[in-house]
> 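My questions all concern the structure below.
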Protein chains: 2
Amino acid sequence: MNSKNFCPLDHTMNLIGTKWKPIVLFHLLEGPLRSGVLQKKIPGISNKMFTQTVRELEKDKLVTRVVFPVVPPKVEYDLSDRGKSLKNILLGLDSWGATDTYNQTY
Amino acid sequence: MNSKNFCPLDHTMNLIGTKWKPIVLFHLLEGPLRSGVLQKKIPGISNKMFTQTVRELEKDKLVTRVVFPVVPPKVEYDLSDRGKSLKNILLGLDSWGATDTYNQTY
DNA sequence: CAGTATCCACATTGATACTG
DNA sequence: CAGTATCAATGTGGATACTG
């Protein structure tokens with residue numbers, strides 16, 4: 001939609017600045033997860049949004065998607081090197097949220 | 001809209017996870033700015049979105065808003081202590097965007 | 001199991017015009 | 001200068017049903 005990147009921070013936010021992307025990435029920090037397992041770790045996300053989110057992360061080369069040719073289908077998602085380079089940022093966002101004194105469910 | 005904070009990271013994103021908020025906060029890292037000056041630092045933002053964004057940041061106690069009783073009107077925005085505590089995160093987002101090898105205007 | 005396809009309600013945003 | 005009001009266009013997201 002918007003294509004003007006007038007500062008580096010904006011570039012970062014265009015990649016991970018949505019409701020679900022950081023959460024998906026965060027859950028992959030520990031290692032690869034099977035599709036259904038990853039989705040179950042994220043309460044509240046709809047099937048549609050989950051697929052859409054991982055698809056965009058894949059397109060942006062932040063996660064990898066591996067399809068195993070078995071029955072029933074098995075798909076694993078993992079962080080790419082580029083995705084792994086976001087680790088400190090994701091941990092920072094998480095720890096800030098954890099220690100923020102105003103933390104409360106609005 | 002969504003009120004489920006099932007992880008700290010989500011709490012953080014609910015506060016700054018929009019297109020304009022991080023950019024506004026970032027430009028205030030150097031110190032307080034007059035409304036018009038701040039807005040001019042952000043190409044592409046509409047008048048409406050600017051006002052809406054700073055209003056929400058103010059409501060969430062991330063920025064302060066000071067109205068000077070002069071003519072013509074003068075308003076200054078500044079980071080609150082809570083907002084300042086986001087400094088490392090904002091700098092992290094910015095430097096990641098600056099060094100990301102895939103950095104390119106899509 | 002993993003994912004796609006629709007439909008549709010609702011939220012977001014930009015443009016324009018206007019106020020104190 | 002700083003901000004509000006309004007309208008219309010677009011985007012986003014959820015529910016449901018379906019496929020390989």
Side-chain angles (χ1 to χ4, degrees), chain A residues 1-6 10 13-24 27-28 31-60 62-79 106, chain B residues 1-6 10 13-24 27-28 31-60 62-79 106:
Chain A
M1 350 283 69
N2 185 302
S3 54
K4 277 187 217 161
N5 286 354
F6 49 85
D10 191 46
M13 291 306 288
N14 283 339
L15 290 177
I16 64 166
T18 69
K19 174 159 186 52
W20 302 112
K21 284 180 184 180
I23 300 175
V24 169
H27 285 299
L28 288 177
L33 288 177
R34 192 166 174 174
S35 182
V37 176
L38 176 56
Q39 184 169 351
K40 282 188 190 61
K41 281 180 178 287
I42 308 175
I45 197 173
S46 68
N47 200 315
K48 178 181 170 182
M49 288 315 297
F50 176 74
T51 300
Q52 186 175 310
T53 300
V54 291
R55 278 290 176 288
E56 285 173 17
L57 290 173
E58 185 192 10
K59 179 175 68 61
D60 290 335
L62 291 173
V63 307
T64 58
R65 179 172 177 270
V66 177
V67 181
F68 294 82
V70 296
V71 178
K74 174 180 174 181
V75 173
E76 268 195 1
Y77 292 101
D78 195 6
L79 293 182
Y106 281 90
Chain B
M1 344 297 52
N2 186 301
S3 53
K4 277 186 218 162
N5 285 355
F6 49 87
D10 191 45
M13 291 306 287
N14 283 339
L15 290 176
I16 65 168
T18 69
K19 173 157 188 53
W20 302 113
K21 284 180 183 179
I23 300 175
V24 168
H27 286 299
L28 289 176
L33 288 177
R34 194 166 173 176
S35 183
V37 176
L38 176 56
Q39 184 169 350
K40 282 186 190 64
K41 282 180 178 288
I42 308 175
I45 196 172
S46 67
N47 198 317
K48 178 181 170 184
M49 288 315 297
F50 176 75
T51 301
Q52 186 175 311
T53 300
V54 290
R55 279 290 176 289
E56 285 174 17
L57 290 173
E58 185 193 8
K59 178 174 69 60
D60 289 335
L62 291 174
V63 306
T64 58
R65 178 172 178 270
V66 178
V67 181
F68 294 84
V70 297
V71 177
K74 174 180 173 181
V75 173
E76 269 195 0
Y77 292 102
D78 196 4
L79 293 182
Y106 280 90

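In what follows, chains carry the letters A, B, and so on, assigned in the order in which the sequence lines appear, proteins first and then strands, with residues in each chain numbered from 1. All values below were derived from every heavy atom in this structure, side-chain atoms included, with hydrogens, water molecules and symmetry-related copies excluded.
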> Provide, to the nearest angstrom, the distance between the CD atom belonging to A/Glu58 and the P atom belonging to C/dG3.
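The distance from CD of A/Glu58 to P of C/dG3 comes to 9 Å, rounded to the nearest Å.
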> Are B/Asp10 and A/Lys19 close enough for a salt bridge, meaning some N to O gap below 4.0 Å?
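Looking at B/Asp10 and A/Lys19, the cut-off is met.
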> If each of A/Met49 and A/Pro73 is mapped to the nucleotide of DNA chain D with the nearest heavy atom, which maps nearer the 5' terminus, i.e. the 5' end?
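Counting from the 5' end, the first nearest nucleotide belongs to A/Met49.
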> Where the side chain of B/Arg55 is concerned, which of D/dG20, C/dG3, D/dT4 is the nearest nucleotide?
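Nearest listed nucleotide: D/dT4.
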> Could you tell me the separation between the CD atom of B/Gln52 and the C1' atom of D/dA2, rounded to a whole number of Å?
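Value for this atom pair: 16 Å.
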> Which of these nucleotides, C/dG14, C/dG3, D/dG14, is closest to any side-chain atom of A/Ser46?
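For A/Ser46, the side-chain atoms sit closest to D/dG14.
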> Measuring only between side-chain heavy atoms, which start at C-beta, is B/Ile42 closer than 4.5 Å to B/His27?
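They are in contact (side-chain heavy atoms under 4.5 Å apart), so the answer is yes.
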> For B/Gln39 and D/dC1, give me the distance from atom CD to atom C1', rounded to whole Å.
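Between C1' of D/dC1 and CD of B/Gln39: 11 Å.
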> Taking 4.0 Å as the cut-off, does a side-chain nitrogen or oxygen of A/Arg65 come that near to OP1 or OP2 on C/dG3?
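So the side-chain polar atoms of A/Arg65 do come within 4.0 Å of the phosphate oxygens OP1 or OP2 of C/dG3, strictly under.
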> Between A/Ile45 and B/Gly36, who's closer to the 5' end of DNA chain D by nearest nucleotide?
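Taking each residue's closest nucleotide, the earlier one in sequence belongs to B/Gly36.
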> Roughly how many Å is it from CZ in A/Phe50 to P in D/dG13, rounded to a whole number?
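That distance rounds to 15 Å.
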> Is there side-chain contact between A/Glu56 and A/Val24, with heavy atoms separated by less than 4.5 Å?
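A/Glu56 does not reach A/Val24 side chain to side chain.
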> Within a strict 4.5 Å, meaning less than it, do heavy atoms of the B/Pro32 and B/Tyr77 side chains meet?
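No. Closest side-chain heavy atoms not under 4.5 Å.
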> Please figure out whether A/Lys48 or A/Thr51 has its closest DNA chain C nucleotide nearer the 5' end.
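Closest to the 5' end, via its nearest nucleotide, is A/Thr51.
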> Does a side-chain N or O from A/Ser35 land closer than 4.0 Å to OP1 or OP2 of C/dG3, or not?
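Result: yes.
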> Please pick, from D/dT4, C/dA15, D/dC1, the nucleotide with the shortest atom-to-atom distance to any side-chain atom of B/Asn47.
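For B/Asn47, the side-chain atoms sit closest to D/dT4.
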> Checking all strands, does B/Phe68 fall into the base, sugar-phosphate, or nothing category for heavy-atom contacts under 4.0 angstrom?
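Result for B/Phe68 = nothing.
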